Amino acid sequence: MYNRTMNSKNIDWKNLGFDYMELPYRYRAYFREGSWQEQGLTEQSHLTLSEASTGLHYGQQGYEGLKAYRTKEGSIQLFRPEENAKRLQETCRRLAMPEVPTEMFVDAVKQVVLANEDFVPPYETGATLYLRPLIIGVGGMLGVQSAKEFLFTIFAMPVGVYFNKNKGNKKFVIAHEDDRVAPKGTGHIKAGGNYGGSIQTIEQAHEKGYDGVLYLDSKTHEYVEEAGSANVFGISKTGKLITPNSTSILPSITKYSLLQLARERFDLEVIEEPIPLDQLDSFEEMSACGTAAVVTSIGQVDDLKYGKSYHYKTEDTLSQKLKNELLGIQFGDIQAPERWIVKVK
Ligand code: PLP
Ligand code: COI
């Protein structure tokens, strides 16, 4: 049985960052000979893989990120998990991996949440249980080809804020030197390969005191695309919500939820369009959004190549109102649009 020293009673829920924590249970399934074979929950946190796994050599892998929320009444719920299942299916298609059916995905997420229930943070802390589904080609292959076997696993850990919460005014820098993805590559799916090349970039940005990186389109370097781990949107000086559209950014479930709320509940005009760099000047607010990032106001964007700094409002903002609506829905305090909330318990 589980006997590691880490215990949910020792967790400082209010001061959690975004770090790995080894919880008691995770879910496993293997795709072999044409079908998924579910193994269910296990306490084994380490994997044993063929050294020739395609996931290790050729990046044949993809992942997801979603959260479980504790409500005021103590129940537990998920936010739009079917959307994560669908996005993982898109990732699987693009990388020639077998799709994980939606029902299997959502059911597995629920199993992991319930098994680790003690680690779903209390409502009043604002923390959540983050779930990380991962699919990886594991059969031994030497040529560049699809694996014959795949592992699908989901593990979980309690998390707090993603971007440094000890720093009020978040500063981002425009990545002129590095691209995240190619125009017709894999930017629209959640493939680990999209992130490998961003690690050096974000580390260098951190060294210079930045909290995040804003990538440009890799074809012309003239348009804003997204942050390395979140989408972005701006609120124009005329009160419109404007966000980049591009086939090489990840379709953020958080962002599309915010866009819907902006239209339906705040009567905002929402525009998805290519955003040239100089349009950054027309924004009054700018935010990063995603499951991990939630909605994080960006106070400053520096363009070191052209020697420009853009400054944005971070207090008493429309973005904050949208964030509160979203969080209210996710934690069960505000009525959700139909089918957004899936109860676990
Ligand atoms: N963009 C990137 C590159 C991401 O890694 C993420 C995180 O999942 C997002 C955007 C936000 O997507 P979502 O809101 O579905 O979490
Ligand atoms: C998420 O928001 O779920 C993500 O996957 C972002 C990740 C790169 C930390």
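Please read these numbers as outputs of a predicted model, since none were measured by experiment. In listed order, ligands and their atoms are each counted from 1.
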Salt bridge or not for E117 and K345, using N-O below 4.0 Å? yes
Distance under 4.0 Å to a non-hydrogen atom of Y195: what atoms of ligand 1 satisfy this? 2 (C), 3 (C), 4 (C), 5 (O)
Taking V224 as the fixed residue, which of I174, V301, L214 is the one that meets the side chain to side chain contact (heavy atoms under 4.5 Å, CB included) rule? L214
Can you check whether Y63 has an N/O within less than 3.5 Å of an N/O in ligand 1? no
Identify which of L66, N231, T291, N194 has a heavy atom lying nearest to atom 10 (C) of ligand 1. N231
F79 ring center within less than 6.0 Å of W340 ring center: yes
List in chain and number order the residues that pass side chain to side chain donor-acceptor pair (under 3.5 Å) with K148, two or more places apart in sequence or in another chain; answer none if no residue qualifies. none
Could you work out, for atom 11 (C) of ligand 1, the closest of A292, G290, A227, S198 by heavy-atom distance? G290
Pick, from I249, L258, T254, the option with the minimum heavy-atom distance to atom 14 (O) of ligand 1. T254
Short N/O distance, under 3.5 Å, between I253 and ligand 1? yes
Please state whether A293 comes within less than 4.0 angstrom of ligand 1, counting heavy atoms only. no
Q60 side-chain N/O to A96 backbone N/O, donor-acceptor pair under 3.5 Å: yes
Check this for me - ligand 1, R180, N or O atoms closer than 3.5 angstrom, yes or no? no
Quick test of your reading of the model: are E325 and R265 salt-bridged, counting only N-O distances below 4.0 Å? yes
Do D303 and H176 meet the criterion of a side-chain donor-acceptor pair at a distance under 3.5 Å? yes
I'd like to know if Y256 contacts ligand 1, where contact means a heavy-atom distance under 4.0 Å to any ligand atom. no
As a test of reading the model: which N/O atoms of the protein lie under 3.5 Å from N/O atoms of ligand 2, and at what distance?
unit_1   : atom_1 : unit_2 : atom_2 : d
ligand 2 : 2 (O)  : A292   : N      : 2.8
ligand 2 : 3 (O)  : Y130   : OH     : 2.6
ligand 2 : 5 (O)  : Y130   : OH     : 3.2
ligand 2 : 5 (O)  : K190   : NZ     : 2.7

Using modelled atom types and a 3.5 Å cut-off, is there a donor and acceptor pairing between side-chain atoms of E284 and backbone atoms of G239? no
Answer yes when R93 and E99 have at least one side-chain N-carboxylate O distance shorter than 4.0 Å, and no when they do not. yes
Report, as yes or no, whether the 6.0 Å neighbourhood of atom CD on Q200 holds more than 12 heavy atoms from other residues, nucleotides or ligands. no
Check each heavy atom of E83 against ligand 1 and say whether those closer than 4.0 Å belong to the side chain, the backbone, both or neither. neither
Can R87 be said to touch ligand 1, with heavy atoms closer than 4.0 Å? yes
Could you tell me whether the side chain of N231 and the main chain of L250 form a donor-acceptor pair under 3.5 Å? yes
In this structure, does ligand 1 have an atom that sits under 4.0 Å from one of the heavy atoms of A230? yes
Heavy atoms only: which of S252, S257, G228, G187 lies closest to atom 12 (O) of ligand 1? S252
If the threshold is 4.0 Å, N to carboxylate O, is there a salt bridge linking R87 and E90? no
For atom 1 (N) of ligand 1, what's the nearest protein heavy atom and its distance? E226 OE1, 2.6 Å
Identity of the nearest option to atom 6 (C) of ligand 1, non-hydrogen atoms only, from C289, P251, S229: S229
Working to the nearest 0.5 angstrom, can you tell me the gap between F331 CZ and L326 CG? 10.0 Å
Flag the pair F155 / Y130 as yes when their ring centroid distance falls below 6.0 Å, and as no otherwise. no
Regarding ligand 1, does K190 bring an N or O atom to under 3.5 Å of one of the ligand's N or O atoms? yes
